[in-house]
2 protein chains.
Amino acid sequence: MLRRYHYLVALANEKHFGRAAEKCNVSQPALSNSIRQLEKDLGVSIVKRGRRFQGLTREGAKIVEYANKLINTESSLTQELSLMREGLAGILKIGVVPSALPMLTLVTFQFCRAYPKVELSVKARNTTEIERGLDDYSLDLGLTYLDVEPLPRGRKHSIYRQNFWVLTPIHGPFEGRESVTWSEMVEVPLVLLAPETLSRQLINEAFQDMDLQPTPQIQTDSMLNLSAFVRSGYWSSIVPRECFVFCSEPPGTRILPLTDPIVSHDIGLVIPERDPSSVLAQSLFDYAKDIDIEALLIR
Amino acid sequence: MLRRYHYLVALANEKHFGRAAEKCNVSQPALSNSIRQLEKDLGVSIVKRGRRFQGLTREGAKIVEYANKLINTESSLTQELSLMREGLAGILKIGVVPSALPMLTLVTFQFCRAYPKVELSVKARNTTEIERGLDDYSLDLGLTYLDVEPLPRGRKHSIYRQNFWVLTPIHGPFEGRESVTWSEMVEVPLVLLAPETLSRQLINEAFQDMDLQPTPQIQTDSMLNLSAFVRSGYWSSIVPRECFVFCSEPPGTRILPLTDPIVSHDIGLVIPERDPSSVLAQSLFDYAKDIDIEALLIR
DNA sequence: TTAAACGATAAAAGAAATCTATCAATGATG
DNA sequence: CATCATTGATAGATTTCTTTTATCGTTTAA
């Protein structure tokens with residue numbers, strides 16, 4: 001029904017007629033023609049053409065924006081219809097900030113049990129990508145930082161506070177301790193997350209606020225890799241405590257509160273303000289409001 | 001592009017396959033088929049079929065709702081495009097409560113001068129019809145009572161207060177007076193608007209609040225007709241003062257303040273909360289915010 | 001009982017979209 | 001500089017979707 005608009009959106013994403021056609025399972029001329037037809041119907045040129053795809057015109061960008069709206073509206077319709085027929089069903093695309101991934105199951109557990117026909121498509125993304133995904137309709141819901149710039153748009157519901165703790169070898173510099181302070185962390189061999197990760201940036205901020213200069217010997221963008229370094233018995237690290245809620249800390253390591261100060265950030269769900277809004281997203285969002293995360297964490 | 005959805009909306013409005021087809025300028029089987037096709041595509045039955053059109057199914061109603069959203073989105077797109085090409089242009093459908101009709105020109109004058117390519121399609125409607133029109137996308141903007149139940153939804157902007165005044169023959173019972181009280185009105189021969197008009201209902205409310213029983217000898221739903229009766233020299237009437245702002249009171253009649261108490265109602269623009277919202281409606285709405293109606297009234 | 005109204009159906013014509021094959025222009029590569 | 005790969009446009013044949021005309025079976029009203 002919205003065939004041409006689908007083609008256009010694919011083209012806008014792929015920036016390439018051939019690839020876009022492939023994504024749509026049609027031949028390249030079919031897609032080319034449809035775009036031309038769309039240009040003729042709307043009376044404006046959509047694509048800057050110079051023997052290559054040179055991007056969209058101003059009008060083209062506007063049309064893509066509306067094409068997304070149209071496609072979203074139609075998919076909401078089918079969602080509502082399947083809701084009326086067989087209860088909630090369909091695919092819910094949720095973007096999750098990496099450090100919140102382990103917690104996602106807590107948020108969705110009851111919902112998934114209640115609606116077995118709903119498929120969750122989880123996408124690990126950073127805050128910016130989540131924001132963009134909610135804007136361009138490639139995501140329906142986000143689980144992200146609520147108190148970090150740029151603040152997410154849409155309705156928000158806080159799920160838990162993420163605390164930075166210390167991951168350290170059992171027989172390392174903090175052996176026997178029950179907590180560690182930030183200022184102590186600059187004195188020990190450090191492995192930290194890579195600077196491009198948001199968690200690391202928040203850690204840096206915390207250090208800066210205290211006029212401390214951490215000197216990580218190793219930086220990695222993989223939590224597994226980071227754990228391995230700590231397990232080796234030499235390095236310590238700073239990690240979101242909630243990452244080790246389910247898989248407990250790796251053997252040979254301990255996880256301790258990091259104090260003076262306690263640094264924490266608000267993480268929660270974000271649902272974009274759309275008309276119509278995704279029934280699935282709305283439903284999970286409402287479900288999450290009734291969850292007592294603290295209770296689930298303690299067991 | 002949204003052909004089938006257009007057909008469906010026409011069918012929902014006309015409740016008749018033949019007439020709907022006519023509205024769409026296609027043959028009846030064409031429309032019949034398209035609806036069937038739509039049912040097949042969406043996998044639900046839309047129309048209750050019993051040899052006659054028997055109304056929509058529950059799913060059908062939902063689909064019509066979304067069809068309207070889709071159509072509105074596409075028409076917003078073309079509006080935006082023509083805005084980018086040639087400035088504001090297109091048709092703006094505005095629903096106006098009858099008693100506010102004379103004032104509409106004040107609201108729209110500057111806007112129409114500024115954007116000569118915008119066509120205004122004015123529809124005289126009562127408050128309920130305006131509310132429904134804004135819901136079902138047959139209106140883009142309303143000029144209606146803001147303080148009368150049911151309160152309109154959407155964003156509102158007050159334009160002026162409508163006051164009830166007395167229209168009376170020059171040589172009638174109130175000759176030489178500068179104002180009249182409500183309680184005096186039950187003593188004189190009355191012609192009033194018909195009971196189904198909102199203005200009349202508001203007048204009735206006012207009388208009731210004072211425990212007065214008006215005894216109109218004549219009721220009419222036409223203001224012209226009402227004026228004629230007053231001109232005859234025998235009857236007096238109660239009318240919204242603003243109806244006589246431009247066409248001054250008819251010869252042989254005078255218009256006087258009606259006091260104890262002064263009864264007035266708030267009239268203004270209502271723009272529905274839609275996504276996307278009509279560029280034209282939004283634009284007129286914003287324009288109206290800068291208008292100083294009082295200043296225009298006094299000249 | 002008859003006539004009119006309504007919507008479904010069938011067959012044919014028309015329109016739209018797609019595919020395959022090919023071309024022309026660009027840019028990269030040796 | 002010649003060659004080749006890439007990219008998107010074009011042409012013609014084919015398929016799929018829509019529409020029209022004509023007709024039919026029910027139902028409702030006269």
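Because the structure is a prediction, the values reported are computed rather than measured. The chains referred to below are lettered A, B, ... by the order of the sequence lines, with proteins before strands, and numbering in each begins at 1. Only heavy atoms go into these numbers, but all of them, side chains included; no hydrogens, no water, no symmetry mates.
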Participant: Within the distance-only criterion (no hydrogens, no angle test), does the side chain of Arg125(B) pair as donor or acceptor with the backbone N or O of Gly95(B) below 3.5 angstrom?
Facilitator: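 Checking the backbone N and O of Gly95(B) against the side chain of Arg125(B), no donor-acceptor pair under 3.5 Å is found.
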
Participant: Within this structure, what is the CD-to-C1' distance between Gln28(A) and dA21(C), rounded to whole angstrom?
Facilitator: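 Rounded to the whole Å, the gap is 12 Å.
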
Participant: Among dC19(C), dT18(C), dG27(C), which nucleotide has an atom closest to any side-chain atom of Pro29(A)?
Facilitator: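 Side chain of Pro29(A) sits closest to dC19(C).
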
Participant: Are Glu74(B) and Tyr5(A) packed together at the side-chain level, in the sense that at least one heavy-atom pair is separated by less than 4.5 angstrom?
Facilitator: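 With C-beta onward as the side chain, the pair touches.
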
Participant: Just how far, in rounded Å, is C1' of dT18(C) from CD of Gln37(A)?
Facilitator: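 Answer to the nearest Å: 13 Å.
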
Participant: Measure the distance from CG on Leu31(A) to C1' on dC19(C) and round it to the nearest whole Å.
Facilitator: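 To the nearest whole Å, that distance equals 14 Å.
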
Participant: Which part of the nucleic acid, if any, lies within contact of Ala30(B), taking any heavy atom under 4.0 Å across all strands shown: a base, the sugar-phosphate backbone alone, or nothing?
Facilitator: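 Base contact.
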
Participant: Is it the case that over 12 heavy atoms from other parts of the model lie below 6.0 angstrom from the NZ atom of Lys156(B)?
Facilitator: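 Result for NZ/Lys156(B): enclosed.
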
Participant: Salt-bridged, Lys62(A) to Glu65(A), with N to O below 4.0 Å?
Facilitator: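 Yes.
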
Participant: In whole angstroms, how far is the P atom of dG7(C) from the OH atom of Tyr7(B)?
Facilitator: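 Distance check: Tyr7(B) OH to dG7(C) P gives 17 Å.
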
Participant: Is Arg36(B) near enough to dT9(C) that one of its side-chain N or O atoms lies under 4.0 angstrom from OP1 or OP2?
Facilitator: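 Yes.
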
Participant: Whole angstroms only, please: what is the CD1-C1' distance between Ile35(B) and dG7(C)?
Facilitator: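 Ile35(B) atom CD1 is separated from dG7(C) atom C1' by 12 Å.
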
Participant: So Ser27(B), base contact, sugar-phosphate only, or nothing? Heavy-atom distance under 4.0 Å.
Facilitator: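 Base contact.
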
Participant: Nearest whole Å is fine: how far is dA16(C) P from Met1(A) CE?
Facilitator: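 Atom CE in Met1(A) sits about 15 Å away from atom P in dA16(C).
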
Participant: Heavy atoms, side chains only, cut-off 4.5 Å: are Asn126(B) and Leu198(B) in contact?
Facilitator: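 A side-chain contact under 4.5 Å is absent here.
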
Participant: Between Thr57(B) and Gly60(B) (side chain of the first, backbone of the second, donor and acceptor by atom type, cut-off under 3.5 Å), is there such a pair?
Facilitator: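 At least one qualifying donor-acceptor pair exists.
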
Participant: On the nucleotide dG27(C), are OP1 or OP2 found under 4.0 Å from the side-chain N or O atoms that Arg52(A) carries?
Facilitator: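 No, outside the criterion.
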
Participant: Between Leu38(A) (CG) and dA16(C) (P), how many Å, whole number?
Facilitator: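 Spelled out: CG on Leu38(A) to P on dA16(C) is 15 Å.
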
Participant: Can you check the Asn33(B) CG to dA13(C) C1' distance for me, whole Å?
Facilitator: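 Taking atom C1' of dA13(C) as the reference, CG of Asn33(B) is at 15 Å.
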
Participant: State whether Arg4(A) places a side-chain N or O below 4.0 Å from either non-bridging phosphate oxygen (OP1 or OP2) of dA16(C).
Facilitator: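 So the side-chain polar atoms of Arg4(A) never come under 4.0 Å of the phosphate oxygens OP1 or OP2 of dA16(C).
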
Participant: Using a 4.0 Å cut-off to any heavy atom of chain B, which nucleotides of DNA chain D are the first and last in contact, reading 5' to 3'?
Facilitator: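 On DNA chain D, the outermost contacted nucleotides are dT18(D) to dT28(D).
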
Participant: Does Ser32(B) place a side-chain N or O at less than 4.0 Å from the phosphate oxygens OP1/OP2 of dG7(C)?
Facilitator: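 It does not, given that no N or O in the side chain of Ser32(B) lies less than 4.0 Å from OP1 or OP2 of dG7(C).
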
Participant: Taking 4.0 angstrom as the limit, do Glu131(A) and Arg153(A) come out as a salt bridge?
Facilitator: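 Result for this pair is yes, salt bridge flagged.
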
